[in-house]
Amino acid sequence: MTIRTVVNGRPVTEPIPVRWTLAEFVRDRLGLTGTKLSCGMQVCGVCTVLVDGRPVSACSYLAVDVDGCEVTTIEGLADAGSLHPIQAAFVDHFALQCGFCTPGFIMMAKSLLDENPRPTRKDVVDYLDGNICRCTGYQPIIDAIVDASERMTP
Amino acid sequence: MSVLPPFELHRPTSIEEVVELISWDDLPYVGGTELLLAMRAGLLNPRSLIDLKGVAEITGVRAHNGAVRIGAAVTHQQAATTEVISEKLPELPPVLLHVGNPRVRWSGTLAGNLCFAEPKSDVIPFLIALDATVTLVSADGSREMSVREFIIGPYFTARTEHELLAWIDIPVVPGRRGTYLKYQVMERPTVGVAAVRLDEGDSTITRVVVGAAGEVPVVHDVDHAHPDRSAVATAVVDALEPIDDLTGSSDYKRHVTAVYVERALEKLERM
Amino acid sequence: MTRSAGRSVPRSDARAKVTGEAKYAVDASRPEMLHATIVRSDRAHALIKDIDTAEAAAIPGVSAVITSDDLDGLFPRFGHIVADHPILAIDRVRYYGEPVAMVLAASRHTAADAARLVRVSYEGLPEVMSIAAALEEGAPLLHEERYDHGDESFGEAMSDDWSPSNIAHEVCLEWGDVDAAFTDATEIVETTTHYPMLYAYAMEPYNALATFDEGALEVITTAQHPYQVREDLARIFDLPLAAVRVTSPFLGGGYGSKSYTKVEPLAAVGAWFSRRPVKLALDVEEAIYTTRADSATVTVKSAFGADGMLTARDFQLDLDSGAYADNGPLVLAKAVHRCFGPYRIPNLRVRGRSFYTNTTPASSYRGFGAPQGNLAGELNMDQAAERLGIDPGEIRRRNLLLPGEEVLPGARPLDADLPADLEMVLESLDSSRPRGPLHGIGFGASASDAGAFPVSTATIKVHADGSVTLLTGSTEMGQGSQTALAQIAATELGVPLGSVRVLQSDTAITPYERTTGASRTTTLTGLAIQRACADALEKMMAMVSESREVPVEDVKTSDGVISIPGGGDLTFAEAVQDWFGSRAGEVTGVGIVRKADSTAMLPPFWEIGMVGVEVSVDAETGYVTVDHLATVGDVGYAINPALVEGQDLGAATQGLGAALFEQLIYDGPQPLNPNVVDYRVPRSRDVPRTIDTMLAERRDGVGPYGAKGSGEGALNPIGGAVAAAVGRAIGRWPDRLPLTPEYVWRLMHMETEAE
Ligand SMILES: Cc1cc2nc3c(=O)[nH]c(=O)nc-3n(C[C@@H](O)[C@@H](O)[C@H](O)COP(=O)(O)OP(=O)(O)OC[C@H]3O[C@@H](n4cnc5c(N)ncnc54)[C@H](O)[C@@H]3O)c2cc1C
Ligand code: FES
Ligand code: FES
């Protein structure tokens with residue numbers, strides 16, 4: 001089946017097998033390997049991408065379902081080489097170690113701040129319930145997102 | 001990374017087309033939040049999937065005949081943030097906003113939740129408590145039944161092979177108060193308690209529906225606005241048939257069910 | 001110029017990791033590569049009667065279906081200590097999930113479809129699913145054969161009186177007269193605890209991409225220790241080390257679970273068989289079937305004098321190590337060394353055994369045997385304090401080893417100030433403040449013989465423009481070695497941090513590093529880098545002396561400048577270019593660390609764990625909330641304080657996971673929860689309300705500027721601390737982890753006489 005979609009602002013028309021997940025499509029076909037895979041069950045969030053601005057688990061989402069939609073992956077966040085404020089805050093707060101979970105957390109943070117520009121700490125914690133980080137102990141990630149929200153809406 | 005087995009895809013745009021296709025081998029889906037995981041685990045191996053997202057008749061939420069009608073393609077997130085619902089069913093959004101995580105809420109539907117009939121669903125006990133009904137449509141016509149009748153057992157509903165769950169109707173009852181509390185340590189709750197109070201003529205009914213702890217929801221009605229909390233808890237626990245699993249032993253589930261029934265009733269009293 | 005070391009400079013890999021540009025092994029691909037899917041055993045213990053591959057092989061796109069019969073001419077096993085682990089099961093499977101066959105196909109989907117069609121018929125054998133079952137009279141034996149020992153230090157099983165047994169290994173340690181001390185004791189306190197079976201859950205599951213080209217093997221993999229993997233691969237294919245290239249890019253977590261060989265032989269065998277690049281990427285369930293951490297039952301008996309001083313301790317440790325040795329023998333040895341605590345113990349006996357069972361092979365995981373024993377040892381101290389009527393802080397104060405005291409006979413004396421660390425934790429917890437009902441505090445200490453065997457080499461290249469490349473075989477798996485090691489190099493050379501680039505973990509290019517584990521990198525690799533920098537500086541000074549014709553003893557260097565008498569200052573670029581006589585050339589400095597000089601004595605350093613928690617318990621459900629977490633990073637000197645705090649919080653959080661939720665559960669022959677839905681790891685909502693990560697920098701380590709390692713320390717005593725805190729909150733001592741709400745609730749409601 002052929003799908004038409006816009007990925008990180010770039011129109012893409014690709015024939016793909018219907019059983020492909022969105023993660024397989026962006027990683028294997030488009031080479032956008034910033035989107036990671038781990039649990040494969042919607043609980044860890046490393047595969048988070050935005051489809052028409054909404055967060056989805058690319059591990060468990062059919063690629064054909066982005067036909068006609070806009071997809072944003074982690075690679076689409078930095079603007080002409082300058083980091084998005086969320087990315088910058090992650091760097092500043094040491095909100096990553098191995099970094100495998102990082103793209104997913106940043107995409108979730110983007111979705112949260114689009115929906116709710118000034119979340120409380122508790123809002124952030126609740127929103128991240130479906131994202132696992134095994135390295136950092138979460139606190140620096142939560143700090144980074146709260147700080148990013150302040151940077152973005154001073 | 002494990003992969004999905006092969007299948008075909010249909011993208012119907014009307015209910016008529018859907019009911020032509022639907023069978024135990026040709027499964028409808030919207031979010032696929034349950035379906036795709038079950039397929040990857042080898043539990044389901046359908047010939048085709050029928051995407052319901054293009055069926056306009058079932059994509060929205062609207063007021064209908066003293067009820068709110070939620071189409072089968074409506075996601076948890078969409079329902080929780082729709083104006084009709086926040087206005088007429090303010091008790092529903094808090095429940096939906098505690099389903100899974102944001103990604104599951106953006107993709108998963110209430111209808112899919114009911115059709116999958118996962119015994120640890122949050123949606124099922126709450127919709128039972130609200131006296132919700134479902135409308136099942138097939139090529140031969142349609143029928144309506146309560147969610148309580150629809151859910152027969154774990155992963156087992158009254159839906160027959162060629163039926164589509166088209167929409168859910170939740171009656172709007174002025175003065176009704178409802179709350180849902182869950183006790184959750186693992187990914188799914190140990191117990192979920194829906195508590196609802198509504199006026200029926202001269203009397204006031206308090207209803208408690210308990211999910212997750214047992215295989216099927218336990219429903220308990222009391223003819224009182226402020227029933228004795230511990231008596232209700234005891235009655236509910238007596239009716240409960242919990243099994244041991246990773247969320248707790250049957251003993252522990254009985255115990256926390258009683259605790260959460262009391263906590264839910266206490267919360268309801270303050271509403 | 002500000003000195004790089006000692007500052008919390010941003011991670012050098014952060015930008016790549018926040019933009020998605022960072023490449024992990026799983027992101028690697030090769031043109032024409034095949035995808036492998038593993039057919040796994042659905043039995044825990046059985047003989048393989050037949051493997052029918054015909055139907056699978058007939059699927060279009062399938063290149064091969066490989067079983068152990070196809071490995072003719074290869075050494076079919078691996079294992080760095082005991083070579084007992086078949087690449088693909090040979091005649092028999094010993095645990096649920098063991099690889100039996102491998103399908104190679106043009107796409108991952110085709111390989112998976114075909115794998116479902118491989119039919120394996122088995123003849124069941126009786127299973128050994130627990131230590132108790134392993135010990136039973138006439139219990140079925142997992143291994144009847146003697147295997148090669150890769151590591152001679154574990155060669156005791158090679159002795160002549162060897163006979164097959166389910167006791168995989170035994171390690172004992174004894175000094176003094178334990179029995180006499182118990183006879184004379186004022187108080188004897190006995191504690192038995194159970195530590196759960198864990199899964200490290202590094203978020204990137206094991207994967208490897210192997211290529212065979214002109215008789216040489218190349219593997220890009222998720223290995224913490226590429227050099228160790230290289231040895232296993234060289235033995236399998238009978239290749240010289242030079243013909244095996246193992247590369248570890250960024251690792252998506254490791255925590256010990258990616259130590260030593262895992263999936264590399266499978267991918268390599270696929271590439272050898274098919275003559276095409278082969279990619280094998282496991283999912284989480286398969287990763288759980290690849291390695292887990294040992295569960296343990298530990299009994300400790302301690303003898304005390306009336307003054308609360310320990311006079312003797314006697315430990316029995318039993319570890320469930322699963323179907324194959326992997327790193328189990330070393331984990332056992334470390335568990336034995338690490339269980340009795342950083343206390344002064346005149347008489348000690350530790351008897352450790354690890355058992356073969358029909359479960360996933362156990363191997364290293366952060367802490368390496370320490371958390372298992374520490375839980376028993378520290379809870380025992382708390383119970384003793386209660387029994388003797390001494391404050392739990394005080395009993396530790398009296399017994400903790402002082403700096404310079406001996407922990408293990410003949411080993412490096414203690415290079416840390418434990419009593420001072422303890423006071424920091426007690427103060428953070430405000431330990432003397434009375435607590436309300438269902439609130440409790442707990443704290444604990446550990447000292448681990450860390451650093452592993454010291455073999456590290458490093459290379460520094462100063463290029464013609466003065467920029468610097470640091471080559472190291474140490475793997476970046478999140479700990480921040482890329483950043484911290486560059487900080488050391490920049491400090492030593494006196495150049496800005498930005499001019500140092502780091503290249504890591506490619507056995508063909510980077511210099512040898514024994515392992516990336518045991519918290520050793522900053523200390524040992526750091527020392528090697530210091531030496532490499534000194535070597536490079538010395539060479540440049542000699543070059544300047546030659547090209548400027550000044551005596552070498554008159555050439556000096558500081559702050560990235562080489563100066564000669566008469567005020568002539570040369571940059572590194574000028575020094576290099578002058579000597580080579582053109583805008584070319586480079587200077588290479590080499591640094592070596594081995595068991596000699598400051599690292600002659602083992603362990604290279606003692607890794608300290610000192611933590612405390614305050615918890616509250618829900619009266620009705622038993623749910624435990626961690627209100628306060630305090631950790632002391634006793635690291636000698638923090639090259640990058642933010643990185644150290646990150647390690648401590650990360651390690652403590654994993655420890656809290658084990659303390660409160662995590663456990664792999666076997667339901668008969670099969671794990672009940674081999675996925676992240678049912679194996680519950682800490683989530684954002686579990687973050688303690690107050691977190692106090694403190695640093696103790698006393699420059700008492702052998703590493704650069706007095707540094708010692710970190711990374712495991714904060715995990716080791718967490719379990720005991722949480723158990724003690726919960727015990728104080730509810731008035732009953734737990735005897736196992738995890739402290740699930742149900743377990744705590746049961747403890748609270750246990751009949752008193754049942755105690
Ligand atoms: C990580 C995770 C966490 C979750 N947490 C929760 C939670 O906290 N609480 C909770 O209640 N649920 C939870 N869920 C379940 C969640 O998947 C459902 O709530 C979801 O809404 C199902 O909707 P769906 O559209 O994705 O269904 P699908 O997966 O698309 O479908 C489910 C099944 O129903 C059938 N079906 C779907 N729609 C129809 C229809 N209209 N007519 C007939 N048959 C139909 C499908 O064929 C399929 O068999 C969780 C799921 C995940 C993955
Ligand atoms: S891999 Fe998609 S949520 Fe974990
Ligand atoms: S940084 Fe490693 S999992 Fe989050």
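Letters A, B, ... mirror the listed sequences (proteins, then strands); counts begin at 1. Since the model is a prediction, treat every value here as computed from it, not as a measurement.
- Side-chain contact between A:Ile132 and A:Tyr138 is present, with at least one heavy-atom pair separated by less than 4.5 Å.
- Proximity to chain C (any heavy atom under 4.5 Å) is shown, for A:Leu128, by both the backbone and the side chain.
- When side chains are defined from C-beta on, A:Asp143 counts as touching A:Arg121, because their heavy atoms get closer than 4.5 Å.
- When heavy atoms are compared at a cutoff of 4.5 Å, C:Asn640 approaches chain A solely by way of its side chain, counted from C-beta outward.
- Interface summary for chain C: among A:Ile106, A:Leu83, A:Leu77, the most heavy-atom pairs under 4.5 angstrom belong to A:Leu83.
- If you check the side chains of C:Ser710 and C:Gln647, you find no donor sitting under 3.5 Å from an acceptor.
- When side chains are defined from C-beta on, C:Arg30 does not count as touching C:Lys279, because their heavy atoms never get closer than 4.5 Å.
- Ranking A:Val91, A:Thr102, A:Asp129 against chain C, the residue ahead of the rest is A:Asp129, based on heavy-atom pairs under 4.5 Å.
- At a 4.5 Å heavy-atom cutoff, the contact between C:Val676 and chain A is made by backbone and side-chain atoms alike.
- Contact annotation: the side chain of A:Arg27 never approaches that of A:Leu32 to less than 4.5 Å [non-hydrogen atoms, C-beta and beyond].
- By number of non-hydrogen pairs under 4.5 angstrom with chain A, the leading residue of C:Glu285, C:His109, C:Gln479, C:Glu645 is C:His109.
- Ranked by heavy-atom pairs shorter than 4.5 Å toward chain A, the options C:Ile691, C:Leu643, C:Thr653 are led by C:Ile691.
- For the options C:Gly253, C:Ala200, C:Ser29, C:Ala652, heavy-atom pairs under 4.5 Å to chain A are most numerous at C:Ala200.
- Contact count against chain C (heavy-atom pairs under 4.5 Å) is highest for A:Val43 among A:Val43, A:Asp92, A:Asp126, A:Ile142.
- Checked against a 6.0 Å centroid threshold, the rings of A:Phe100 and C:Tyr24 count as neighbours.
- Interface remark: of the candidates C:Gln654, C:Met477, C:Lys23, C:Gln654 forms the most heavy-atom pairs closer than 4.5 Å to chain A.
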* To do: Give the C-alpha distance, both sets of side-chain angles, the deciding distance and a yes or no for side-chain hydrogen bond (donor to acceptor under 3.5 Å, both in side chains) between C:Glu662 and C:Tyr679.
  => CA-CA 6 Å; C:Glu662 292 179 35; C:Tyr679 184 86; 2.7 Å; yes
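- When C:Pro688, C:Pro682, C:Ala22 are compared by the number of non-hydrogen pairs under 4.5 Å with chain A, C:Pro682 comes out ahead.
- With chain A as the partner, the residue from C:Asp113, C:Leu629, C:Asp686 showing the most heavy-atom pairs under 4.5 Å is C:Asp113.
- If you measure heavy-atom distances from A:Asp28 to chain C, the contacts under 4.5 Å come from the side chain alone.
- Neither the backbone nor the side chain of C:Ala287 comes within contact range of chain A; no heavy atoms are under 4.5 Å apart.
- C:His628 and C:Ser428 share a side-chain donor-acceptor pair at under 3.5 Å.
- Both the backbone and the side chain of C:Met203 come within contact range of chain A, judged by heavy atoms closer than 4.5 Å.
- With a 4.5 Å cut-off on side-chain heavy atoms, C:Val18 and A:Leu96 count as touching.
- Annotation: maximal heavy-atom pairing with chain C below 4.5 Å, among A:Ala78, A:Pro103, A:Cys135, A:Gly34, occurs at A:Cys135.
- Looking only at side-chain heavy atoms (C-beta outward), C:Tyr201 and C:Val284 come within less than 4.5 Å of each other.
- Here the closest non-hydrogen pair linking A:Asn131 and A:Met108 is OD1-CG, 3.3 Å.
- The existence of a salt bridge linking C:Arg11 and C:Glu476 is confirmed by a sub-4.0 Å separation between a basic side-chain nitrogen and an acidic carboxylate oxygen.
- C:Phe250 does not touch chain A: none of its heavy atoms, backbone or side chain, sits under 4.5 Å away.
- Of all the listed residues (A:Ile141, A:Ile74, A:Ile86, A:Thr73), the one sharing the greatest number of non-hydrogen pairs under 4.5 Å with chain C is A:Ile74.
- Looking at A:Val46, only its side chain comes within 4.5 Å of chain C, counting heavy atoms on both sides.
- Interface check for chain C: of the options A:Arg134, A:Gln87, A:Gln97, the most heavy-atom pairs under 4.5 Å are formed by A:Arg134.
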